[in-house]
Number of protein chains: 2
Amino acid sequence: MGRDSSRQSGARTGGEEGADTPETLRLAQDQFIACWGKMGSAWGISRTMAEVHALLFITGEPLCTDDIMERLQISRGNASMSIRALLDWGVVARAHRRGDRKEYFTAEQDVWAMFRAVVRERMKREADPTLASLYEIRDLTASVEDATRRTKRAKQPPVDSAEADLMARVGEHNKRLDDMLKFFETVQSLTERFVSPSGRGLQIAATILGKAAS
Amino acid sequence: MGRDSSRQSGARTGGEEGADTPETLRLAQDQFIACWGKMGSAWGISRTMAEVHALLFITGEPLCTDDIMERLQISRGNASMSIRALLDWGVVARAHRRGDRKEYFTAEQDVWAMFRAVVRERMKREADPTLASLYEIRDLTASVEDATRRTKRAKQPPVDSAEADLMARVGEHNKRLDDMLKFFETVQSLTERFVSPSGRGLQIAATILGKAAS
DNA sequence: CTGTTGTTTCAGAAATGATTGAAAACAACA
DNA sequence: TGTTGTTTTCAATCATTTCTGAAACAACAG
């Protein structure tokens, strides 16, 4: 709805449907770009950055900054920033044309490689710092617990019930942190193995798991 | 730095370190909450919602709306919204105390269960709609390609080279979409199996993969 | 029924994040 | 070294999201 599909009458390209092909292709690309942009922003990636990536991916050919600006209707600054970020993420590469000073850009075409790059980058940026913080936080109360243990060994009866309660809380707190830490460690070591820059381990893992689950 | 750790002189609780324990515990909780909030917002979850969850998780005991407002210094409306969202996500549950009309809330304490709930919910909200859109987009150009094939079979020579080029583009476009689609399908079926509401499949999978990788 | 306690909603305020555009920096070349 | 075309940067602006606070609502006790 909202689009009159019987209006077109461009060059018929050998098919027998109503819309002409170049326009349909363009429409499909636009929808893909929109879809990708929406998904990106849901996952904390700027919509434009996702759209630029979508454009490069779906057209599959090298585009220059101006092409991107024009097609996405964004400013030069925005385009430049987004491209730079995509390069940093490793999902887009520079390309050059002979006799042209402009830089062109292409998106990684292997979907699994793309996925690996994204996960790798996000792990590096978010999971690793989080893990580091968790360790620090754990250190804050680790010593308290140690002290308690030492005290307990020395003289059996807890000094008073309020204090015993507090120690119990600290113990539980530490247990929760440890669980969390263990979880992150597991996830991290898994991704390090299977989302590693070189291999295509994840894809293999997916296949194995797909079979194992039946 | 930034915190004078030799200032405290509260009830010594059996340890021999400088800070008193209740304060240290509180500090550790606050840092955990901040850390969790930061990570949440990086992944497209509102910071407050993540913080509320962190608070419930790290204290481990049922808290009411006022407790949360007070501890996190947020408004009643915000607290209410965040709690509601966490309930929807299934990572927080209602609890009641006898003879108390207030509602209390507790966080899922099993980190893996928590993780499953989050992934499940996000899949439902983002991956599923994306997949649906991708199918629609694929349908746009699928018919074009079909038509081309039929034409080709009927009369061998392409009408002109521009048209042949266009058809090649459509073919590549469809290939890219199919790859994408295939990828999403794989991911979806994997998560359906291993992040399913009931089982703790992911954890098992993690163990298997951890071993398989060595 | 009415007062009390607790929860939800929602219009606007505040905060945060994205985008622009123009100037500065840069790179290639003559 | 100057010229030209291209990319990057960044303060100002704009858009979006999040948060607040007060009012509406719901559940219950007396």
Side-chain angles (χ1 to χ4, degrees), chain A residues 33-56 62-89 92-106 122 125-126, chain B residues 33-56 62-89 92-106 122 125-126:
Chain A
I33 291 164
C35 170
W36 210 236
K38 204 149 53 86
M39 158 139 254
S41 56
W43 289 88
I45 290 161
S46 111
R47 192 177 45 75
T48 302
M49 183 176 154
E51 285 181 350
V52 171
H53 177 255
L55 174 61
L56 291 171
L63 300 178
C64 68
T65 307
D66 294 85
D67 296 333
I68 294 168
M69 287 168 59
E70 152 92 23
R71 180 70 184 266
L72 262 30
Q73 291 294 310
I74 60 176
S75 70
R76 184 169 300 282
N78 197 3
S80 176
M81 296 286 216
S82 298
I83 291 166
R84 155 73 84 107
L86 289 168
L87 289 169
D88 286 350
W89 279 57
V92 158
R94 289 176 209 276
H96 292 278
R97 286 213 225 270
R98 292 160 261 99
D100 190 343
R101 272 163 67 178
K102 271 203 204 65
E103 273 194 315
Y104 288 76
F105 304 94
T106 49
R122 296 217 80 165
R125 287 173 199 220
E126 280 121 36
Chain B
I33 291 165
C35 169
W36 210 234
K38 205 150 51 92
M39 157 141 253
S41 56
W43 288 87
I45 290 160
S46 108
R47 192 177 45 76
T48 303
M49 184 175 155
E51 285 182 349
V52 171
H53 177 256
L55 174 60
L56 290 171
L63 300 177
C64 69
T65 306
D66 294 85
D67 295 335
I68 294 167
M69 288 167 59
E70 152 93 22
R71 179 71 185 266
L72 261 33
Q73 291 294 309
I74 59 175
S75 70
R76 184 169 300 283
N78 196 5
S80 176
M81 296 286 216
S82 298
I83 291 165
R84 156 73 85 104
L86 289 167
L87 290 169
D88 285 350
W89 279 57
V92 158
R94 288 175 211 277
H96 291 278
R97 288 213 226 268
R98 290 162 259 92
D100 189 342
R101 271 168 61 186
K102 268 204 206 63
E103 276 193 313
Y104 289 76
F105 305 94
T106 50
R122 297 217 78 167
R125 285 172 201 223
E126 280 124 35

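Quick note: numbers below take in every heavy atom, side chains included, and nothing from hydrogens, waters or symmetry partners. Proteins get letters first, then strands, A, B, ... in listed order; numbering begins at 1 in each.
Checking B:Tyr104 against A:Ile45, the closest nucleotide of DNA chain C that is more toward the 5' end is the one next to B:Tyr104. Comparing A:Thr65 and B:Arg47 along DNA chain D, the residue whose closest nucleotide (by nearest heavy atom) sits nearer the 5' end is A:Thr65.
Partners of B:Arg125 according to the salt bridge (Lys or Arg N to Asp or Glu O under 4.0 Å) rule, which considers only residues two or more places apart in sequence or in another chain, are B:Glu121. The salt bridge (Lys or Arg N to Asp or Glu O under 4.0 Å) check on A:Arg84 picks up nothing, with sequence neighbours excluded.
Near DNA chain C, meaning a heavy atom under 4.0 Å away, the residues from residues 73-80 of chain A are A:Gln73, A:Ile74, A:Ser75, A:Gly77, A:Asn78.
Of all heavy-atom pairs between B:Ser75 and B:Met69, the closest is O-CG, 4.0 Å. Between A:Ala50 and A:Gly40 the shortest heavy-atom distance is CB-CA, 4.1 Å. Smallest separation of non-hydrogen atoms from B:Val52 and B:Ser82: CG2-CB, 3.9 Å. Here the shortest heavy-atom pairing between A:Val92 and A:Leu87 reads O-CD2, 3.2 Å. The minimum heavy-atom distance between A:Arg122 and A:Gly44, with the atom names listed, is NH2-O, 4.2 Å. The minimum heavy-atom distance linking A:Leu55 with A:Leu72 is given by the pair CD2-CD1, 3.9 Å.
What separates CG of A:Leu63 from P of D:dT7 is a distance of 13 Å, to the nearest Å. What separates CD1 of B:Ile68 from P of D:dT20 is a distance of 14 Å, to the nearest Å.
With a 4.5 Å cut-off on side-chain heavy atoms, A:Lys102 and A:Asp66 count as touching. For the pair B:Ile83/B:Ser80, no side-chain contact is recorded, criterion being any heavy-atom separation below 4.5 Å from C-beta on. Inter-residue side-chain proximity for A:Thr65 and A:Glu103 is flagged as unmet; no heavy-atom pair is nearer than 4.5 Å. Within the 4.5 Å cutoff, the side chain of B:Arg94 has no heavy atoms near those of the B:Tyr104 side chain. Within the 4.5 Å cutoff, the side chain of A:Ile45 has no heavy atoms near those of the A:His53 side chain.
Heavy-atom contacts of chain B under 4.0 Å fall on DNA chain C between two terminal nucleotides, which in 5' to 3' order are C:dT4 to C:dC10.
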Read 5' to 3' with Watson-Crick or G-U pairs under 3.5 Å, [ ] for crossing pairs and | for partners on another strand, DNA chain C gives ||||||||||||||||||||||||||||||
Each nucleotide N or O in nucleotides 27-29 of chain D that has a protein N or O under 3.5 Å away: list the pair and distance.
| from | atom 1 | to | atom 2 | distance (Å) |
| --- | --- | --- | --- | --- |
| D:dA27 | N3 | B:Arg101 | NH2 | 3.0 |

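Taking only side-chain atoms of A:Met81, from C-beta outward, the nucleotide of D:dT18, D:dC10, D:dT8 with the closest atom is D:dC10.
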